[in-house]
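Residue indices begin at 1 and follow the sequence shown. Counting convention: from 1, in listed order, for ligands and their atoms alike. Note that the structure is predicted; figures quoted are calculated from it, not measured.
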Amino acid sequence: MIQADIKRSKRLSLVLRHRPDSIGLTLDDSGWVDIDRLLSALSEHGTHMSHDDLLRVVATNDKQRFELDAPSQRIRARQGHSVDVELGLEPVPPPAVLYHGTPRRNLDSILATGLDRRKRHHVHLSGDIETARRVGARRGDEIVLAVDASGMATAGLLFWRTDNGVWLTERVPTQFLTPLDRTRGDE
Ligand code: HQG
């Protein structure tokens, strides 16, 4: 993705996940907003994005963060919101193990209290170690935790999977978490 599109993607993430009010918009209950309204609100707030720019950002986005509705009139973020939206996902059975990457400095706190969703609606988990490692490494020296997803499911905890492959759950209690130690050959 070209640099200017990365900037556009970040702007869209901010508006569609966290601060629609920053450009005078509200999202509907499922997080959708009309594309023409979005583009004119952005323009009124100093960000000029053409319809083609927006379509290209949606199509080429590295994590497929956004989706369009069938007639391509509305757009929403697929996950990661802090504003209140109901994504309409159905719970699905998880694989046996999922992974969560985090900066190493969070480890003691996570092992003491479990994984919390913090500002987002859900805890985000990955299906593979490499993706989890990249997520953790965004903010420093990372550690990957294995999540006993089948144990959680047996305990009645729910999982959702977004269309771009991110696993979501409400929280992960400590007994389902195991830090992976590279030096022990856990990975
Ligand atoms: C940590 C990006 C201490 C948690 C990524 C994480 C992902 C705790 C941070 C998606 C804790 C929250 C989500 C506890 C949780 N004590 N720290 N008890 N419980 N944490 O950004 O998972 O580019 O909300 O480990 O790729 O890092 O936005 O979550 O480090 O898919 O599409 O609190 O965001 O995707 O940080 O990232 P975040 P995340 P996008």
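- We find that Glu67 and Arg76 are joined by a salt bridge, their nearest charged nitrogen and carboxylate oxygen being less than 4.0 Å apart.
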* Asked: Are His124 and Trp167 close enough, and set up right, to give a ring pair (Phe, Tyr, Trp, His ring centres under 6.0 Å), and what steps lead you there?
  -> CA-CA 6 Å; His124 288 220; Trp167 285 90; over 10 Å; no

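- Within 4.0 Å of ligand 1, contacts by protein heavy atoms are made from Arg17, Lys63, Arg65, His100, Thr102, Pro103, Asn106, Ser109, Ile110, Thr113, Gly114, Leu115, Asp116, Arg118, Arg120, His124, Val135, Arg138, Arg139.
- A 4.5 Å side-chain heavy-atom check between Tyr99 and Thr131 finds every atom pair outside the cut-off.
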* Asked: So Thr162 and Arg78, side chain to side chain donor-acceptor pair (under 3.5 Å) or not? Walk me through it.
  -> CA-CA 7 Å; Thr162 67; Arg78 288 192 202 265; over 6 Å; no

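- Ion pairing between Arg74 and Asp34 fails under the 4.0 Å rule for side-chain N and carboxylate O.
- Comment: Asp62 engages Arg65 in a salt bridge, judged by a side-chain N to carboxylate O separation of less than 4.0 angstrom.
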